[in-house]
There are 2 protein chains.
Amino acid sequence: MSLGPDPVKSRRRATIADVARAAGVSPSTASVVFSGKAPVAEATRERVLAVAADLGYTGPDPRAASLRRGRSGIVAVALEEHLRTAFLDPVKTAMMDGLTDGLAELGAGVLLLRDDPGAGPDAPTLATAPIDAAVLIGCSPRMRETLEAVRARGLPIVVIEGDAGDDVPRIELDNREAAAQIARHLLALGHRRAAMVTLPFDSGRERGDATSERIAAITTPVTRERLEGVREVYPDARVVSAGASMIDEGLIAGRLLFADPEDRPTAVMAQSDLIAAGVIRAAEEAGLQVPQDVSVAGFDGIAVDGLGEHVLTTAVQPAAEKGRAAGAAIARMLAGEQAASIRFTCTFREGTTTGPAPS
Amino acid sequence: MSLGPDPVKSRRRATIADVARAAGVSPSTASVVFSGKAPVAEATRERVLAVAADLGYTGPDPRAASLRRGRSGIVAVALEEHLRTAFLDPVKTAMMDGLTDGLAELGAGVLLLRDDPGAGPDAPTLATAPIDAAVLIGCSPRMRETLEAVRARGLPIVVIEGDAGDDVPRIELDNREAAAQIARHLLALGHRRAAMVTLPFDSGRERGDATSERIAAITTPVTRERLEGVREVYPDARVVSAGASMIDEGLIAGRLLFADPEDRPTAVMAQSDLIAAGVIRAAEEAGLQVPQDVSVAGFDGIAVDGLGEHVLTTAVQPAAEKGRAAGAAIARMLAGEQAASIRFTCTFREGTTTGPAPS
DNA sequence: TTGTATGCGTTATCAG
DNA sequence: CTGATAACGCATACAA
């Protein structure tokens with residue numbers, strides 16, 4: 001008796017109106033039964049639910065609900081890179097983790113979007129997806145264009161580690177200051193010959209020794225800020241750029257730094273822990289001991305798989321908190337309030353990879 | 001004359017109807033101008049666009065469009081674990097990468113969902129999010145419940161590496177056969193004392209030597225299949241389970257295996273490359289040479305950061321292709337066709353980490 | 001506590 | 001090539 005899915009015509013899926021009618025209540029009552037937004041007599045409630053089950057009605061259609069409510073419960077997270085690349089970076093993963101948590105608390109889901117129009121003709125974009133807000137991870141020049149579409153729609157936006165204009169709240173790090181702190185630590189240890197291995201300068205991912213022109217043309221703010229911080233202390237430090245934040249890239253850069261036995265740095269500041277791990281490996285490969293022969297510092301404070309017994313000297317950044325803060329900022333803006341930019345600070349951590357300069 | 005944003009009352013955002021009216025065309029024509037679904041006279045088109053710009057109309061509201069179309073352009077990807085955990089695994093990352101690509105081709109975005117009802121009271125779930133289909137990564141018992149809600153909604157579902165019932169298409173791997181192939185390779189090399197380090201048996205992530213009861217109770221299909229494959233060749237191999245697919249976990253398991261100099265395996269089959277990397281490190285730590293003293297094989301065929309000069313002997317799985325295939329299957333189902341399960345095969349790769357058994 | 005009425009912003013259909 | 005019309009499925013203000 002409860003088998004046939006549709007009592008009347010079996011073409012259409014049941015709607016809340018069908019349920020209401022079959023249960024002998026009004027649509028609004030049925031709606032309230034499902035949303036719980038108002039009290040309903042227990043008897044009514046049960047009757048509605050029973051009828052719904054009978055009709056195979058599984059709850060309000062989210063599409064219709066979001067039209068009516070004006071909210072979809074979805075927040076876009078826009079990445080500049082390929083997923084594979086983004087999640088190779090433990091810092092980004094941790095951040096995404098905090099972000100998804102923060103957004104979940106707010107009742108929103110995360111729509112992963114890559115800022116790449118080349119995908120499909122009708123692939124969803126920041127401009128066309130049914131989203132309530134957007135979080136940008138980084139902000140390339142191209143992304144800024146897309147951004148305009150979102151702003152025009154009047155949706156809240158937050159940028160993590162990027163600049164999208166003064167009126168878009170940012171979640172940032174005191175990159176410069178933290179980098180300077182590391183540099184001062186090494187200076188205090190007596191190091192005179194310092195070098196740094198940076199994150200990529202731009203999306204080109206060019207590697208190797210940097211000319212002053214290349215440095216002047218850095219478009220990635222994080223790279224620039226950390227570099228400037230070091231230069232406050234070591235204005236003349238050798239600068240080698242890595243192609244990405246990866247152990248292998250650090251290894252390549254490290255081999256370059258340690259190639260000439262006559263002209264080696266005694267301290268290397270890497271702009272990420274992964275790069276630092278590679279530099280350490282390069283040092284060991286060159287027969288150098290860390291930290292006796294060369295000190296190596298990183299940046300990020302993540303757990304690097306592959307460091308052996310070393311504990312990296314580094315600037316620990318609150319990656320997950322950054323993500324969570326972005327979620328909170330979105331929540332505030334969704335509630336109609338203004339959200340201010342937030343600047344997180346890193347915590348210096350002295351590990352076992354830095355020590356006094358060799359005499 | 002073109003300044004005032006709103007001709008009538010300036011409270012509401014402009015709708016396509018406003019645009020149509022102001023441009024002196026019908027709503028349907030205006031709609032077509034934006035969707036491009038039908039030819040429109042160039043003059044009309046330009047007029048509509050001009051008026052739209054004037055009114056600050058930025059294109060159709062995705063919420064309304066998805067209600068009308070019955071499609072939201074969003075596909076849910078449900079993970080069993082925390083994001084951080086999921087993306088720690090390079091195989092999953094690669095798979096997600098292929099998946100996002102595959103779905104983008106189809107014009108869909110990816111809504112990241114964790115199968116955790118504990119998040120927020122109104123956090124989106126498989127049951128309540130405006131999605132057109134769902135891809136499950138793995139399929140825990142709890143997830144199977146959630147699943148029912150999705151099926152009741154009549155949405156297409158695909159499961160990657162998991163069992164959600166016979167009528168849900170799966171994307172799988174020939175885990176058993178590939179594992180057996182590795183085992184046969186080692187047997188052919190003369191190894192008699194073989195051990196294996198497995199992936200977690202269940203969500204408990206218990207570590208260490210496995211009793212036959214524990215083995216009988218394995219709930220993770222991947223673990224079970226790879227284990228069975230090895231046992232076809234080495235029925236009595238020692239079995240140690242790792243707590244996760246990580247280098248560190250492999251290191252722990254390896255230390256256990258190599259603890260007793262009198263009773264060491266000469267060949268270790270790890271159920272993932274990351275675990276294998278840890279086992280190799282443990283071997284070296286114990287003063288063993290790979291592959292002279294002990295052979296180590298992995299599984300996955302991913303690039304492991306931290307293996308040094310070793311090239312792992314492993315079963316290379318087409319991770320990104322799995323994701324892409326899931327996307328393709330969804331596309332087919334969305335088009336109303338039936339999608340069959342797909343079983344991918346691994347490619348055996350002989351590296352430098354396995355060699356003849358020591359005499 | 002329940003019911004009535006209305007509109008959310010589109011787009012498919014079909015006739016012109 | 002364009003226009004009129006009719007849903008799409010629901011949630012809310014307000015009245016009862």
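Below, chains carry the letters A, B, ... as their sequence lines are ordered, and counting in each starts from 1. These numbers come from a predicted model, not from an experiment.
Evaluation of the side chain to side chain contact (heavy atoms under 4.5 Å, CB included) rule for A:Arg68 yields no partner, not counting sequence neighbours. Contacts of B:Thr128 classified as side chain to side chain donor-acceptor pair (under 3.5 Å), with partners at least two apart in sequence or in another chain: B:Thr125. Legend: residues meeting side chain to side chain contact (heavy atoms under 4.5 Å, CB included) with B:Val51, ordered by chain and number and at least two apart, are B:Val19, B:Ala22, B:Ala23, B:Leu55. For B:Asp97, the side chain to side chain donor-acceptor pair (under 3.5 Å) test picks out A:His82, A:Arg84, with sequence neighbours left out.
Between A:Leu126 and A:Ile131, the closest heavy-atom pair is O-CD1, 3.8 Å.
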Please write out each protein N/O paired with an N/O of nucleotides 2-5 of chain D under 3.5 Å, distance rounded to 0.1 Å.
unit_1 : atom_1 : unit_2  : atom_2 : d
D:dT2  : OP1    : B:Thr44 : OG1    : 2.4
D:dT2  : OP2    : B:Ala41 : N      : 2.8
D:dG3  : OP2    : B:Ser26 : N      : 3.0
D:dG3  : OP2    : B:Thr29 : OG1    : 2.9
D:dG3  : N7     : B:Ser28 : OG     : 3.3
D:dA4  : N7     : B:Ser28 : OG     : 3.4
D:dA4  : N6     : B:Ser28 : OG     : 2.9

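Atom CZ of A:Arg69 is separated from atom P of D:dG9 by 17 Å (rounded to the nearest Å). Counting to the nearest Å, the C1' atom of C:dT10 and the NZ atom of B:Lys37 are 13 Å from each other. Residue A:Arg71 contributes atom CZ, which lies 15 Å from atom C1' of D:dT12 at whole-angstrom precision. Counting to the nearest Å, the P atom of D:dT12 and the CD1 atom of A:Ile16 are 11 Å from each other.
Counting only residues at least two apart or in different chains, side-chain hydrogen bond (donor to acceptor under 3.5 Å, both in side chains) contacts with residues 158-171 of chain B comprise B:Arg151-B:Asp167, B:Glu161-B:Lys322, B:Asp163-B:Arg170, B:Asp166-B:Arg170. Among pairs with a residue in residues 20-34 of chain A, those fulfilling salt bridge (charged side-chain N to carboxylate O under 4.0 Å, His left out) read A:Asp18-A:Arg21, at least two apart in sequence or across chains. For residues 36-48 of chain B, the set of pairs meeting the side-chain hydrogen bond (donor to acceptor under 3.5 Å, both in side chains) definition, not counting sequence neighbours, is empty.
Across residues 59-68 of chain A, A:Leu67, A:Arg68 each have a non-hydrogen atom less than 4.0 Å from an atom of DNA chain C (numbered order).
Residue contacts shown for A:Phe34 are absent, as no nucleic acid heavy atom lies under 4.0 Å away.
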